[in-house]
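A note on names: the letters A, B, ... follow the listed sequences, proteins ahead of strands, and every chain is numbered from 1.
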2 protein chains.
Amino acid sequence: MSHTLGIRQAQKQKTRQALLDAALALLEEQSLSSLGLREVTRAVGVAPTAFYRHFRSTADLGVALVDEALGSLHPMVRTTVSSAGDTDERIARAIELIAGHVDAYPAHVRFIARERSGGVQPVREAIRSQLVRFAEEVKTELAKDPEAEGWSDDDLLMLAHLFVDQMLITASLFLEARESSAGPEERQRVARLAALQLRLISIGRRHWLD
Amino acid sequence: MSHTLGIRQAQKQKTRQALLDAALALLEEQSLSSLGLREVTRAVGVAPTAFYRHFRSTADLGVALVDEALGSLHPMVRTTVSSAGDTDERIARAIELIAGHVDAYPAHVRFIARERSGGVQPVREAIRSQLVRFAEEVKTELAKDPEAEGWSDDDLLMLAHLFVDQMLITASLFLEARESSAGPEERQRVARLAALQLRLISIGRRHWLD
DNA sequence: TCATCCAGTTAACAACTGTTCTCCGGAATT
DNA sequence: AATTCCGGAGAACAGTTGTTAACTGGATGA
């Protein structure tokens, strides 16, 4: 790629992105199943019918948002798990990375947390399959670690899911801390809690084969 | 209690409960922020305006649903954590208890999982505060265990939150297993996964003070 | 027994929704 | 240069929404 796609397709992708952005903003105070098509087009400043040029329905738009929010996250997850250093250092680094991501893309994080068990089935499935992918990637990274000696595949996948779920919970807590206007000390509280929990999981991992 | 409240208040509570039940049923395929007041009254077979005799809004009804779904759950959680026996036995018993609750009240479980980070703030807060209460109760139960010797309050609360979150995740997985029509072997898969994860957490707990 | 209360009804309101069909004008293709 | 393509606009549709006001009739309490 790429031969500078014509000004026609460029404009199309531009309004498409505008629709996605507007929807994401509107979803800060409601869930996808109550998001109206007209609501979105109104926010962008285009005719309601223009929506159909890009998405079949708001559920369809939701699936696109899942890809936008999680699709580009895989390399980050991989490197997080496989980073070097002492256990506590790795934990601290992982938590800072999560916190940074929440600060950089708060709307994306809220969307995923909200729609993970939201009222729109296709979106739920899209999120679920992405999280399964995450878990599998984490598993292959965990398998490279010398600590994985003697672990069965099932056990590795179990641990991977534990990490992925914990990551999501922590991200969700960071998000709440941001908007609770309780100052940065709340953020520190969340970081400490997450560190303790990851530490306990790591200890359990270390003694798994005893 | 109770002096058999008059047939007037009895009828009122009856329709109120009908509204709650109908709403819970409608919420199986959507989220609270898209639930319409007329939709609920139509399902019950009552005039839309009758809704206002019981709830200020659908958000208000949501808060009432949180109490119904979680309010009566506290004794169960307490006894689950403090049950006797070998570690693996306790884990198996806890998981069976969760699975049984999901089978008995699937709509309640789905509602809580969905609205925990849903689009309606008062409902989110109601759920959050109930879960905090759960965590505190679990903490006081954990404190009674001889294994809690030397644990700080912060560490105990951290572990309690880990258990509560894990409980919710497991319940959510059981719910998915129910409706994925993948047969009872999917349920067994979830039970095994949850058992392994609780086992790892228990091991981490045992070696926490090393 | 009679006056009061109050859960539920009826009617009407302006505003909103998703979806269809027809059209326009500039980009893309030949 | 002539033709096709296509993202977006405009208008109209039947149906829905939350909320108001005034009313009805049976239970309640004096």
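Mapping A/P48 and B/T58 onto DNA chain D by nearest heavy atom places A/P48 at the nucleotide closer to the 5' end.
Applying the 4.0 Å criterion to OP1 and OP2 of D/dG8, one finds that A/T15 has a side-chain N or O inside that range. The side chain of A/R42 places an N or O atom within less than 4.0 Å of a non-bridging phosphate oxygen (OP1 or OP2) of C/dT17.
The nearest whole Å value for the distance from the NZ atom in A/K14 to the P atom in C/dG26 is 17 Å. As rounded to whole Å, 11 Å separates atom C1' of C/dC23 from atom CZ of A/R53. Regarding B/L61, its CG atom lies at a distance of 15 Å from the C1' atom of D/dG18, rounded to whole Å. One atom, NZ of A/K12, and another, P of D/dA9, lie 14 Å apart when rounded to the nearest Å. For the pair B/R38 CZ and C/dT9 P, the computed distance is 13 Å after rounding to whole Å. Rounded to a whole Å, the CD atom of B/Q9 is 10 Å from the P atom of C/dC6. Rounded to whole angstrom, the span from the CZ atom of A/F55 across to the C1' atom of C/dG18 amounts to 17 Å. Distance A/L37 CG to C/dT19 P: 7 Å, rounded to the nearest Å.
Picking from D/dG18, C/dT19, D/dA9 the nucleotide with the shortest atom distance to the side chain of A/A47 gives D/dA9. Across D/dG18, C/dT9, D/dA27, the shortest atom-to-atom separation from the side chain of B/I7 is found for D/dA27. Here the nucleotide nearest the side chain of B/Y52, chosen from D/dT17, D/dT20, D/dG8, is D/dT20. Checking C/dA7, C/dG8, D/dG8 against the side-chain heavy atoms of A/A50 singles out D/dG8 as nearest. Distance from the side chain of B/R8 is smallest to D/dA27 among D/dA9, D/dT19, D/dA27.
Using a 4.0 Å heavy-atom criterion, one finds that B/R56 contacts no nucleic acid atom at all. Here A/R16 lies out of heavy-atom contact (under 4.0 Å) with every strand.
Comment: A/R90 engages A/D145 in a salt bridge, judged by a side-chain N to carboxylate O separation of less than 4.0 angstrom.
Counting only N and O atoms by type, the side chains of B/S83 and B/R93 include a donor and acceptor under 3.5 Å apart. A/E68 and A/Q17 share a donor-acceptor pair across their side chains, judged by distance under 3.5 Å alone. No side-chain donor-acceptor contact under 3.5 Å links B/Q130 and B/E125. Side-chain polar atoms of A/S34 and B/S33 form a donor-acceptor pair below 3.5 angstrom.
On a pure distance criterion of 3.5 Å, no polar donor-acceptor pair joins the side chain of A/T49 and the base of C/dT19.
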